[in-house]
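Here the structure is a predicted model, which is why all the values come from computation and not from measurement. Residues: numbered from 1 along the sequence shown.
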Amino acid sequence: MERLAGSFRVFSGILVLFNLIVFFLPVSCFMQQNYPTHNMYQADFIRAVFSGRIYWAGDSVPSLSSELSPAGICIIVFGMLLPLILVFAAGIWQMIGGRHPVGGSIIIFAVLVLYIIMAASIGILWPEPGLDQEYSRGFACPLHLVCSGCASVTAIISLICLPRKKVVKRETVYEEKIQQPPNRYQILSEAAGKNQGQQAVMEASGPNPRGVMVGLSGIYAGAEIPLTDGEYIKLGRVTDNDLVFSGQKRVSRNHCQIMWSAAKRMYTVFDFSTNGIFLDGSETRLTKNTALDIKPGSILAIGDRTNTFRLD
C-alpha cells in the first residue's frame, strides 16, 4: 500500500506540473469582426500589473487598452502568479516525496481553488466590448481546471492508500516497555506485591546483595527494578533510556543514572537534568553533574512529585 500511495503521489505531482505548460497557452481571446483573433497570455496580464494597464493591441488588431482595477490586480496576482509558484512547489514536493505527504496535497487543492477563482472572474480584466467586439476565455482556463482537478483526485487517492499508523494508548506503551527483554522490570500486583517485596529485601541482605528500585508513584508505580552490583540504569524521556518517561514534561531527555554498589551497599546517583532529583521529600534538589551516594530506603522524586521511587 505504501508503494501504491507513493506512485499516486508522484502521478499527482506530474499532473499538477502540467499547469506550467498550460501557463503559456491563451487565457483570454479578443475577437473583432473582420480581424483575426488576438490572444492574451497570463504573462501579458502579469506584466500589466507593473504598468497598470492592459494592452490588447496586435499587428492587425486595432490598438486597445484598459486600466487595471484593484480587483483586476487581485485576479492576476492570486489567480495567475501565485498558482504558478504553488504549482512548482507542489510538483516538486509530490515527486520527491517526504515525511509529510499531506502538505503537497494541500498545496494542490489550493492551486485548484485559485484556478477556479481565476476562471470564474477573469471577465473583470476585460474592457467593455465595442461594436462587433467580443471577449472569451482561452484554452488555458479549462485546461488549468482539468490538470489541477486530476492532480487533486490522485492526491486524495494517495492519501487514502497511505498505511494507517496504529494508535497505541500511553498505558500500553509503558507496559510494553516494562515487559521488554531482558525482563529487568516486574510489575507488582496488589496480591503478590507484599511477598515479592519481602523476597527482594531478603535477596538484598544475602551473600550477593542486589539493589531494588520500587516505583511508588507515576508511570512506573508498582514496578520493581532489580540492579546487580555495578549496574546502572538510565532514566529520561528519550527512548534509548532504560526507563522512558514519555510525555513527562518535568523529566529531562536524559535525566539521570542510578547505580548499585554491593561493596558499599549504597546507590550512586548522577543527576544531569534541568528540573533535578529530590531526596526524601526535600525541596532542595541533589547537586547536578555530581556522583552522590544514597543509602537504601531513600525515596527519590524524578523532576517533581509525580514520579517517585524507593531504593531498597
Would a distance-only check, ignoring hydrogens and angles, find a side-chain to backbone donor-acceptor pair under 3.5 Å from [X] to [Y]?
| X | Y | value |
| --- | --- | --- |
| T274 | S252 | no |
| S12 | V10 | no |
| T308 | R305 | no |
| Y232 | V269 | no |
| D280 | I299 | yes |
| R310 | V212 | no |
| S282 | F278 | no |
| S217 | T306 | yes |
| S69 | G72 | yes |
| R137 | A119 | yes |

*asked:* side-chain contact (heavy atoms from CB on, under 4.5 Å), that's the test. Do Q94 and S105 meet it? Break it down for me.
replied: CA-CA 8 Å; Q94 294 292 86; S105 301; 3.9 Å; yes
With side chains defined as the heavy atoms from C-beta onward, is the minimum distance between [X] and [Y] less than 4.5 Å?
| X | Y | value |
| --- | --- | --- |
| L235 | V251 | no |
| I54 | M40 | yes |
| I302 | Q248 | no |
| L279 | L300 | yes |
| F11 | C150 | no |
| L84 | L20 | yes |
| C29 | Y135 | no |

Considering non-hydrogen atoms only, spot the tightest contact between [X] and [Y] and give its length.
| X | Y | answer |
| --- | --- | --- |
| L145 | L112 | O-CD1, 4.1 Å |
| N307 | G218 | OD1-CA, 3.3 Å |
| M213 | L227 | CG-CD1, 4.0 Å |
| R237 | K249 | NH1-O, 4.1 Å |
| C256 | I277 | CB-CD1, 3.5 Å |
| L86 | I107 | O-CG2, 3.5 Å |

What's the spacing between [X] [atom1] and [Y] [atom2] if we round to 0.5 Å?
| X | Y | atom1 | atom2 | answer |
| --- | --- | --- | --- | --- |
| Y41 | D44 | OH | CG | 8.0 Å |
| D293 | M259 | CG | CE | 8.0 Å |
| Q42 | I76 | CD | CD1 | 10.0 Å |
| C74 | I124 | SG | CD1 | 9.0 Å |
| L311 | I225 | CG | CD1 | 10.0 Å |
| N241 | H255 | CG | NE2 | 10.5 Å |

[X], [Y]: one ILVMFWY side-chain cluster at the under-4.5 Å cut-off?
| X | Y | result |
| --- | --- | --- |
| F270 | Y267 | no |
| L81 | V87 | yes |
| L25 | L15 | no |
| L82 | L17 | yes |
| I116 | F45 | yes |

*Which pairs with one or both residues in residues 102-122 pass ring pair (Phe, Tyr, Trp, His ring centres under 6.0 Å), sequence neighbours excluded?*
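Ring pair (Phe, Tyr, Trp, His ring centres under 6.0 Å) check on residues 102-122 returns Y115-H144.
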*For S273 and D271, test the side chains for any donor-to-acceptor distance below 3.5 angstrom and give the result as yes or no.*
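Note: S273 and D271 side chains meet the donor-acceptor criterion.
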*Kindly determine whether N254 and K234 satisfy side-chain contact (heavy atoms from CB on, under 4.5 Å), including the steps that lead there.*
CA-CA 7 Å; N254 294 290; K234 299 185 294 182; 5.8 Å; no
_Which residues share a side-chain hydrogen bond (donor to acceptor under 3.5 Å, both in side chains) with S136, sequence neighbours left out_ =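 Counting only residues at least two positions away or on another chain, S136 forms no side-chain hydrogen bond (donor to acceptor under 3.5 Å, both in side chains).
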*Under the side-chain hydrogen bond (donor to acceptor under 3.5 Å, both in side chains) rule, collect the residues that match up with S121, sequence neighbours excluded.*
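S121: no side-chain hydrogen bond (donor to acceptor under 3.5 Å, both in side chains) contacts found.
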*Classify the angle between the aromatic ring planes of H38 and F30 as parallel (below 30°), tilted (30 to 60°) or perpendicular (above 60°).*
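Perpendicular: the ring planes of H38 and F30 meet at over 60°.
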_Tell me whether F272 at atom CZ has more than 12 heavy atoms from other residues, nucleotides or ligands lying less than 6.0 Å away._
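Yes, CZ of F272 has more than 12 neighbouring heavy atoms, counting only those of other groups under 6.0 Å.
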*Apply side-chain contact (heavy atoms from CB on, under 4.5 Å) to L125 and S28, showing your working.*
CA-CA 9 Å; L125 301 173; S28 290; 5.8 Å; no
